[in-house]
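Notes to accompany the following structure.
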Protein chains: 2
Amino acid sequence: MNIGQASKASGVSAKMIRYYEQIKLIAPADRTEGNYRSFSDDEINQLQFIRRARSLGFSVEEIAHLLSLWSDRVRPNWEVKAIADGHVRALEAKVAEIRAMADTLRELSRGCADDERPDCPILADLASGVQPRREPAVSRGFQA
Amino acid sequence: MNIGQASKASGVSAKMIRYYEQIKLIAPADRTEGNYRSFSDDEINQLQFIRRARSLGFSVEEIAHLLSLWSDRVRPNWEVKAIADGHVRALEAKVAEIRAMADTLRELSRGCADDERPDCPILADLASGVQPRREPAVSRGFQA
DNA sequence: CCCACGGTTCCAATCACGGGAAGGTTCAGG
DNA sequence: CCTGAACCTTCCCGTGATTGGAACCGTGGG
């Protein structure tokens, strides 16, 4: 299978397959005579693993760890579970963070009439320099 | 006020103040004889506005729009409200997306015993290449 | 044998931000 | 007056995952 077929079969773009190879998330693929990458079924499976893990929000670093556990026949459950649970907690924190923003903003919007007047309190609030209501956000740039 | 004092007063790092100037989110600050930036109270206020808006998850582009509305004395409420509500919807979508991930992963983790055995179903699921349950995620790289 | 469609590499941009180098300015104390 | 610390200046690089594009080479069907 060349990279195009591997991409279709795995759902990972050819670009990303090359990138994953470059950052050593996956082993360098075999090459044909004409220097084309050639993928085995096992490698397609790995790519699907990666795709699925990415869709669950795991970072590439976490996926590297998961892949190594996957290929380790005596891996202990608790180690896999620890990564998963840690990630669940990170996701929950992210949800809480974003929901706090949404709640605040909904509240502000509620006080802003949908008309032509120029007295919308949203801008007034932004200008007031009010501190965020809770702890300083753990991370800010969630918008990809 | 030089950039250090402006930073302390506004809560925006000196680095970011320079960056905001560079990308023209704010006007170039006046300079002293020694080429130091000098900030007025108005400019400190603008920086606080930016900081607050960032903490609510607005992108720099959205903030540029909000700032222009802020300085527009005849701004119509509905325009401000539209930006805010659009952002609330984006935040809600993000929450739904991340919560779907967390739910899936929690479910997987529930089936994985916290012990030394190597049969954790999380890896099996990742390897299975199951499609995400809902629509293809609108955005993927939410982790800053 | 040609041409379109693959593949290959490399380089750039995204977004908001931080780190650090190399050098100039300011100001207080000795 | 001189020194040094603390500030400022610009410039470049890295982050993480991904996409886009250019320039070039290989492959295979008509």
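Chain letters run A, B, ... following the sequence lines, proteins first and then strands; every chain starts at 1.
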If you check every side-chain atom of [X], which of [options] has the closest atom?
X	options	result
A:Val60	D:dA17, C:dG24, D:dT9	D:dA17
B:Asn2	D:dT9, D:dC7, D:dT18	D:dC7
A:Arg54	D:dT10, D:dA17, D:dG26	D:dA17

If hydrophobic clusters are built by linking Ile, Leu, Val, Met, Phe, Trp and Tyr wherever their side-chain heavy atoms come under 4.5 Å apart, do [X] and [Y] end up in the same one?
X	Y	value
A:Leu66	A:Trp78	no
B:Leu69	B:Tyr20	yes
B:Tyr36	B:Phe39	no

Using heavy atoms and a sub-4.0 Å distance, could you list which residues of residues 8-20 of chain B are near DNA chain C? By number, please.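 By residue number: B:Ser13, B:Lys15, B:Met16, B:Tyr19, B:Tyr20.
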
Taking only side-chain N and O atoms of A:Arg31, does any of them lie within less than 4.0 angstrom of OP1 or OP2 on C:dT9? yes

Please round to the nearest 0.5 Å and tell me the distance separating atom OG of B:Ser109 and atom NZ of A:Lys81. 3.5 Å

Tell me the interatomic distance from [X], atom [atom1], to [N], atom [atom2], rounded to whole angstroms.
X	N	atom1	atom2	value
A:Gln22	C:dT8	CD	C1'	13 Å
A:Phe58	D:dG16	CZ	P	18 Å
B:Ile3	D:dA6	CD1	C1'	15 Å
B:Asn35	C:dG24	CG	C1'	9 Å

Result for 5'-nearest mapping on DNA chain D, choosing between B:Arg37 and A:Thr32, is B:Arg37

